[in-house]
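Worksheet for the structure shown next.
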Amino acid sequence: MLRRKAMKKNFVDRYAMELEQSRDLNNTIVHIDMDAFYAAVEMRDNPELKDKPIAVGSMSMLSTSNYYARRFGVRAAMPGFIAKRLCPQLIIVPPNFDKYRAVSTEVKEILADYDPNFLAMSLDEAYLNITKHLQERQNWPEDKRKYFIKTGNPLENDKPRKEVNKLREHERSISPLLFDDSPPDLQSQGNPLQGNSEEEDNPQTLQNSIVFGTSAEEVVKEIRFRIEQKTTLTASAGIAPNTMLAKVCSDKNKPNGQYQVLPNRQAVMDFIKDLPIRKVSGIGKVTEKMLKALGIITCTELYQQRALLSLLFSETSWHHFLHISLGLGSTHLARDGERKSMSVERTFSEISKAEEQYNLCQELCSELAQDLQKEGLKVLYFNVVFLDFFNF
DNA sequence: GCGGATCAC
DNA sequence: TATGGTGATCCGC
């Protein structure tokens, strides 16, 4: 009996073994994330804002803040009036979504060159599978990987600002976002934006152009370079064998940085080891708290407690946890399916009068009707629901 | 199958 | 003065 127990793997470890067996390290997934996107666009287009703490949103809710404001603790999803208490000089800019959409389109045009099936998660975030691009790129001639450099407005860069003064003398970034807390990332090897004068033996540099290599890292540097040249905005990126890791990576050297987890098991495990589970997309506040109550903070602890978790949680949940603890994730980008639902909602202060409730509902219904018609859908159902709700 | 809870952005 | 809106998924009932 004892021997059987010792030899026979339980169902949790059996599944872990299966997962390990089918670990796929053959894809190169990239996660691109624009830095402080809305705030960066506003700063780019309004020089008045460039050396000030700003946030985009309203007194009720902020979408994002620039890095200056973040130093005061001003964060996305924070009410504006709270942010104002943390940072009285904070400038709150109302959002210009049409403009952000237009910039986003410009970025997407670049991304499509590397993966026509890239997956946009929002206006400022996307996943790419560059596996195929990398293969093709290996025998590309240099001139297909060569880009000319547009330098920033010298008047702007000469403007004495606290942040800028801390940068290297030969800093030539055209972006308003390179702050002192910007990671050194690209500055080491041939970042075109650094205009490194030591590279004068390189004819490419003299001609104000840059050639990117054929590795994944080089591809992503090229993508970020092109984004900055085209939009004057910076992006951060993560490179990894799956989406879960790529997403975590893109956060690591933010802003204006990138990070790669190499496609071998040891590199993945080293990266995962002390990673707080909260960093993983899909693990939110509530799950974090539940797992914390079990003494689980890091991915290593998540793996160590796999047996307990399989008893406490649903099958889909502990399977998900086991995936994370082994550093596994999607290796292909699921095509964006059709929309499954459409809704409108509003937060309001207490309403006791029936008539006001009715009017609000009427308003929501008519908004939803418009949205539905935009996509050419039937406006039949909810009228029935609406009338039914009010016993009409 | 529905509604609440959770999550991402 | 003041803490959002949209879409998706999972789970318990």
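Everything numeric in this text was worked out from a predicted model, so none of it was measured. The chains referred to below are lettered A, B, ... by the order of the sequence lines, with proteins before strands, and numbering in each begins at 1. Computed over heavy atoms, backbone and side chain alike; hydrogens, waters and symmetry mates excluded.
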Phosphate contact (dT6(B) OP1 or OP2) by Thr287(A) side-chain N/O below 4.0 Å: no
Distance in angstrom units between Leu364(A) CG and dG5(C) P, rounded: 10 Å
Between P of dG4(C) and CD1 of Ile92(A), the distance in whole Å: 14 Å
Asp45(A) bridged to Lys99(A) by N-O distance under 4.0 Å: yes
Sugar-phosphate, base or nothing in reach of Ser63(A), heavy atoms under 4.0 Å: nothing
Integer-rounded Å distance: dT6(B) C1' and Phe313(A) CZ: 13 Å
Short side-chain N/O contact to dC9(B) OP1/OP2 from Lys247(A), under 4.0 Å: yes
Presence of Ser343(A) side-chain N/O under 4.0 Å of dT6(C) phosphate oxygens OP1/OP2: no
Residue closer to the 5' end of DNA chain C, Ser314(A) versus Glu338(A) (nearest nucleotide): Glu338(A)
Gap in Å between the two P atoms, one belonging to dA8(B) and one to dT3(C), rounded: 24 Å
Side-chain donor or acceptor of Lys52(A) paired with backbone N/O of Glu48(A) under 3.5 Å: yes
Any Ser317(A) side-chain N or O less than 4.0 Å from OP1/OP2 of dC10(C): no
Sugar-phosphate only, base, or nothing, as touched by Ile283(A) at under 4.0 Å among non-hydrogen atoms: sugar-phosphate
Distance, rounded to the nearest Å, where Leu291(A) contributes CG and dT6(B) contributes P: 13 Å
Short side-chain N/O contact from Lys285(A) to OP1 or OP2 of dA8(B), under 4.0 Å: no
Phosphate OP1/OP2 of dG4(C): any Arg346(A) side-chain N/O under 4.0 Å: no
Gap between atoms CG and P, on Asp124(A) and dC9(B) respectively (whole Å): 9 Å
Sugar-phosphate only, base, or nothing, as touched by Lys289(A) at under 4.0 Å among non-hydrogen atoms: nothing
Note, Leu25(A) side chain near Val268(A) side chain (heavy atom, < 4.5 Å): yes
Earlier contact from the 5' end, DNA chain C, for Thr347(A) and Lys340(A): Thr347(A)
Sugar-phosphate, base or nothing in reach of Ser58(A), heavy atoms under 4.0 Å: nothing
Arg14(A) charged N/C atom sitting above Phe11(A) aromatic ring, 6.0 Å / 45°: no
Non-hydrogen side-chain atoms of Arg75(A) and Leu62(A) separated by less than 4.5 Å: no
